[in-house]
Structures are given as C-alpha cells and as structure tokens.
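See structure below.
Throughout, a chain's letter reflects where its sequence line sits, starting with A, and its residues are numbered from 1.
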Amino acid sequence: MQFGINLLPKKEISPESETFRRFKKILGSFLVIYIIFIGALVGFSLFLSSSGKKLLREKQQVEAKIATLRKKESLEVALKERAGEINKILQQRMGPNQTISLVQNLVIPGVVLNEVDITGGKIVFSGEAQNVVVLADFLDQFKSSRKEFSWLTLVLLARTSKGVYNFSFEGQPVF
Amino acid sequence: MERQKLFFKKNIRLLFSLLGMALVFFTWSFLLPKTQQAFEAKKNQDEEVGRLGKLEQKLRDLEGLNEFELQQRTELSLKAIPSRKKFLEVLVNLNKLANEQGLLVESFQVTPGEYLATPAANLSKSDKLDFKISLSGSLESLKNFLSELQKTLPLLGINKIKTGLKEDIAQSDLILATYYLPLPTSLGPLETPVPKLTSSEENVLAVISGFTFSAPPIATAAAGRADPFSF
C-alpha cells in the first residue's frame with residue numbers, strides 16, 4: 001500500500017482571515033454600488049440642468065407671446081366682470097309694466113284704481129268699487145288670477161258713507 | 001514594494017477603518033445634500049412644467065379670441081354699465097324718453113356724491129346711483145315708458161314706483177338706479193387663466209345688444225359775438 005506524502009508546507013487558513021476575506025468582498029461590492037450611485041446622481045443632475053434650461057427658454061418664449069396679447073386679455077377681463085354684473089342686474093329687475101298691466105286687467109267696469117305702489121317685486125294697489133255687486137265681481141277676478149300672484153292679501157276693505165267700497169291689496173306677482 | 005505590502009498587511013484594519021470614516025464623511029457632507037438638492041430640483045422643475053402648461057393653455061385661449069369682436073362686446077358692456085358716474089346723460093335720456101311717451105317730467109332728484117372719484121377708490125364691484133323722478137301722464141304712457149326704459153342702455157334699475165290715479169291721469173314717483181363699474185386696474189399674475197364667459201352671460205350680452213343706446217348730448221359751440229357791441 002502506498003501513501004502519498006505531501007512534503008510542501010501547508011498554508012493554514014485561520015478562521016479570522018476567512019471572515020476578513022468575506023468582509024473585503026462585501027466592502028468591495030458596496031464600493032462598486034456606491035460609485036454607480038454617485039455616477040447616477042451626477043448624470044441625473046446634468047439631465048436636470050439641461051432640461052431646466054430648455055424649460056426656462058420655452059417659458060420665456062410663451063411669456064413673451066402672452067405679453068403681446070395683453071390688450072386682448074384686458075378686454076376679456078373687463079367683459080367678463082361686466083357680463084356678470086349685467087346678468088345680476090337683469091335678474092333683479094322686476095317687470096313693472098307687466099305688473100301694472102296685470103293689475104289693470106283685473107279692473108272691471110265700476111272699479112277705479114287710485115294708487116299702485118311697486119317696490120322690490122311687491123305690489124300694493126288700492127281703489128274703489130261702486131257697489132257691493134261690482135266689488136263681488138271684482139273679487140271673483142282674483143280667483144282666476146292665482147297663477148299670476150305667488151301670494152295676494154286683501155289688506156283693507158271699507159265702505160264709505162256714499163256706498164262706495166274702498167279696497168287695498170298687497171301681493172307678489174309671478175313672471 | 002515589499003515594505004509597502006508589509007505595511008499594508010500590518011495596518012489593513014486601520015486603513016479600512018479610515019476608508020470607512022472617509023466614506024461616511026463624504027456621504028454626510030456631500031452625497032446626501034446633493035441627493036436632496038437633486039430631488040428638490042426635480043420637484044421645482046415639475047412645478048415649472050405645470051406652470052408652463054398653464055401658460056401655454058392661456059396663450060391658446062388668447063389666440064383663439066377675435067380681437068375685433070371682443071372690442072365690440074366690451075364696448076357694448078361699457079354702454080350697459082359705464083366705468084364712471086354719468087348722471088347727466090341718464091337725466092337727459094330719461095327726459096327724452098318721457099317726452100317721447102307723452103309724459104311730463106315734473107321733478108327729479110339725484111345725489112351723485114363724489115364727482116371726481118379717483119380710479120383708486122374702493123369701487124371694485126359695481127355701485128349704483130339712485131334717481132328720484134316724478135312724472136305725470138296717462139297710465140298707458142307710463143307703462144310704455146317703463147317698457148322702453150327696460151330696453152335702453154345704460155341699464156337702469158326700477159327700485160320703486162308709486163302711482164296715484166285720478167281721472168286717467170297717473171301721477172308717478174319713480175326711484176331708478178343707474179350702475180357703474182370701474183375698469184380693472186390689474187390683470188393679476190401672468191399665469192392667471194383667461195376668464196371665459198358662461199352661457200348665461202353670453203345670452204345676456206345677446207339680449208342687451210338689442211337695447212337702445214342713447215348717445216350722450218354733444219355740447220354745441222356757443223354762437224354770437226364775444227362783444228355784443230362790436231359790429
């Protein structure tokens with residue numbers, strides 16, 4: 001039986017060296033990643049710088065064009081302000097001639113209107129009816145005019161010594 | 001060379017520690033701030049891109065407007081609501097309208113207030129000026145007057161009507177309001193979008209385009225001689 005005898009000196013690998021070798025590998029990998037990260041950061045900064053300059057140029061061009069159209073912009077702003085106010089005013093305006101017509105249409109022969117007062121959409125009108133029959137016919141008119149008024153109140157009804165009936169109504173016409 | 005290798009082998013741990021410390025120092029003093037700056041720069045750039053988008057939209061909106069048509073419509077809106085108090089023109093127009101309808105103007109009262117108001121006065125919103133006018137005539141004439149009044153420019157509000165009727169003659173006291181709104185003094189920042197008219201505002205402009213505008217009275221040159229005794 002033959003045994004091979006190794007006469008070369010054997011290099012002993014200590015456990016400590018093995019750990020240190022692993023540490024060196026990890027550190028080496030970390031350094032590589034670190035350098036790649038720095039490279040990426042530099043590249044990103046350069047990209048941002050060039051795109052920032054391009055963005056600034058484009059913005060300045062657009063701003064210059066807008067500056068030449070300032071007159072148009074001021075006209076549009078003035079128009080928009082006024083259109084809004086005109087809209088509000090037209091909506092607030094009541095229809096006084098329609099209101100007066102409405103009340104006039106209710107007047108029948110024998111009834112005389114003495115006063116019509118229109119304020120803020122509300123109407124107060126007063127007059128006199130010759131006699132009770134005329135008054136009754138006049139009051140009947142209002143039954144058919146319910147759609148024209150959102151509300152209507154008989155504020156005063158009085159008979160004078162001459163047999164004439166004074167009346168006063170208050171209401172809100174609907175347009 | 002051997003010495004260096006020996007030195008390196010002997011002090012390897014120390015060298016690695018120094019390298020580690022240098023890396024930490026480099027990261028703390030340079031790399032982290034640079035990274036933060038890069039992210040902030042990216043964030044700012046994104047905001048600038050947004051701003052550029054708004055500016056481009058504004059430019060498109062402005063280029064889409066017809067300047068002539070815009071000028072016409074703005075002039076119409078200025079006729080409807082003037083930029084300054086124009087009570088004389090309103091009085092003249094009311095008198096003319098009343099005469100056309102066969103009504104007699106018995107009296108009028110107005111308190112214009114500050115006559116030479118500076119543009120910097122706090123009039124950012126519309127304000128109004130109240131007129132009190134007394135008319136006499138038939139009820140039909142009054143109705144026609146009120147009807148025509150609502151179709152004239154400048155716009156007039158009718159705040160109150162008090163009519164007393166006696167034998168077909170209407171004695172009326174009216175409180176009317178005329179409006180004014182100063183022109184804008186500033187357009188705001190450049191990125192402010194162009195305001196667009198709503199459909200109801202477009203309709204309103206179409207409605208008032210059919211109204212009658214009475215031009216203000218033109219002062220005529222005085223006639224006659226400066227010295228009545230010269231021949």
Side-chain angles (χ1 to χ4, degrees), chain A residues 20 23-24 27 30-31 34 37-38 41-42 44-45 48-49 51-52 55-56 58-59 62-63 65-67 69-90 92-101 104 112-120 125 127, chain B residues 12 16 19 23 31 34-35 37-38 41-42 45 48-49 51-52 55-56 58-59 62-63 65 67 70-71 73-74 77-78 80-81 125-126 139 142-144 146-147 150 155 157-166 179 181 183-184 187 190 194-198 200-202 204-205 207-208:
Chain A
F20 196 62
F23 171 72
K24 279 195 291 185
L27 185 64
F30 172 74
L31 277 173
Y34 197 79
F37 180 75
I38 291 171
L41 183 65
V42 167
F44 185 59
S45 299
L48 277 179
S49 170
S51 63
L55 191 65
L56 182 65
E58 281 177 22
K59 195 176 155 198
V62 172
E63 282 175 352
K65 283 182 186 172
I66 289 174
L69 299 171
R70 248 0 201 175
K71 186 186 172 189
K72 261 195 201 179
E73 190 183 355
S74 60
L75 285 172
E76 182 72 4
V77 167
L79 178 63
K80 171 72 180 174
E81 260 185 13
R82 276 178 160 67
E85 292 297 321
I86 291 166
N87 198 13
K88 276 187 218 167
I89 291 165
L90 289 182
Q92 284 165 11
R93 285 201 320 186
M94 29 175 223
N97 48 324
Q98 292 103 310
T99 306
I100 294 171
S101 294
Q104 253 192 320
V112 170
L113 274 182
N114 290 336
E115 196 171 286
V116 177
D117 192 330
I118 303 170
T119 309
F125 60 95
Chain B
I12 195 159
F16 271 120
L19 179 66
L23 279 175
L31 201 62
K34 276 289 176 189
T35 309
Q37 274 173 26
K42 178 75 176 83
Q45 206 172 87
E48 287 296 311
V49 166
R51 215 168 279 142
L52 179 64
L55 286 172
E56 282 171 343
K58 181 171 177 175
L59 182 64
L62 285 172
E63 284 173 343
L65 294 172
E67 189 168 337
L70 194 54
Q71 183 89 39
R73 278 147 66 104
T74 309
S77 69
L78 278 165
I81 306 181
K125 293 193 180 166
S126 69
L139 194 59
L142 177 68
K143 276 165 47 185
N144 292 338
L146 293 170
S147 175
Q150 291 195 296
L155 292 176
I158 303 168
N159 292 341
K160 187 181 169 77
I161 304 170
K162 189 169 179 179
T163 306
L165 299 155
K166 198 170 181 183
Y179 303 91
L181 173 65
L183 289 167
L187 294 175
L190 204 62
V194 176
K196 288 178 185 166
L197 295 179
T198 60
S200 62
E201 286 166 351
E202 293 276 1
V204 149
L205 288 173
V207 163
I208 64 166

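In this structure the side chain of Arg82(A) reaches within 4.5 angstrom of the side chain of Leu183(B), judged on heavy atoms. Looking only at side-chain heavy atoms (C-beta outward), Ile158(B) and Ile118(A) stay at 4.5 Å or farther from each other.
Listed by chain and number, the residues in a side-chain contact (heavy atoms from CB on, under 4.5 Å) with Val112(A) are Asn114(A), Glu128(A) (sequence neighbours excluded). Residues forming a side chain to side chain donor-acceptor pair (under 3.5 Å) with Ser200(B) (at least two apart in sequence, or on another chain): Asn87(A), Thr198(B).
In this structure, Glu63(B) does not pair ionically with Lys65(A), as no charged nitrogen and carboxylate oxygen lie closer than 4.0 Å.
For a residue to count as touching a neighbouring chain, one of its non-hydrogen atoms must lie under 4.5 Å from one of that chain's; by this rule Leu65(B) touches chain A with backbone and side chain alike. Both the backbone and the side chain of Leu23(B) come within contact range of chain A, judged by heavy atoms closer than 4.5 Å. For Leu69(A), the parts sitting under 4.5 Å from any heavy atom of chain B are the backbone and the side chain alike. Contact of Leu56(A) with chain B is not made at all, since no heavy-atom distance falls under 4.5 Å. Proximity to chain A (any heavy atom under 4.5 Å) is restricted, for Ile208(B), to the side chain, taken from C-beta onward. Heavy atoms closer than 4.5 Å to chain A are found in both the backbone and the side chain of Gln71(B).
Between the CG atom in Leu113(A) and the CG atom in Leu165(B) there is a gap of 6.0 Å [rounded to 0.5 Å]. Atom CG in Leu190(B) sits 5.0 Å away from atom CZ in Arg70(A) (nearest 0.5 Å). In this structure, CD in Gln37(B) is found 11.0 Å from CG in Leu48(A), a value given to the nearest 0.5 Å.
Across all non-hydrogen atoms, the minimal contact from Leu55(B) to Ile66(A) is O-CD1, 3.5 Å.
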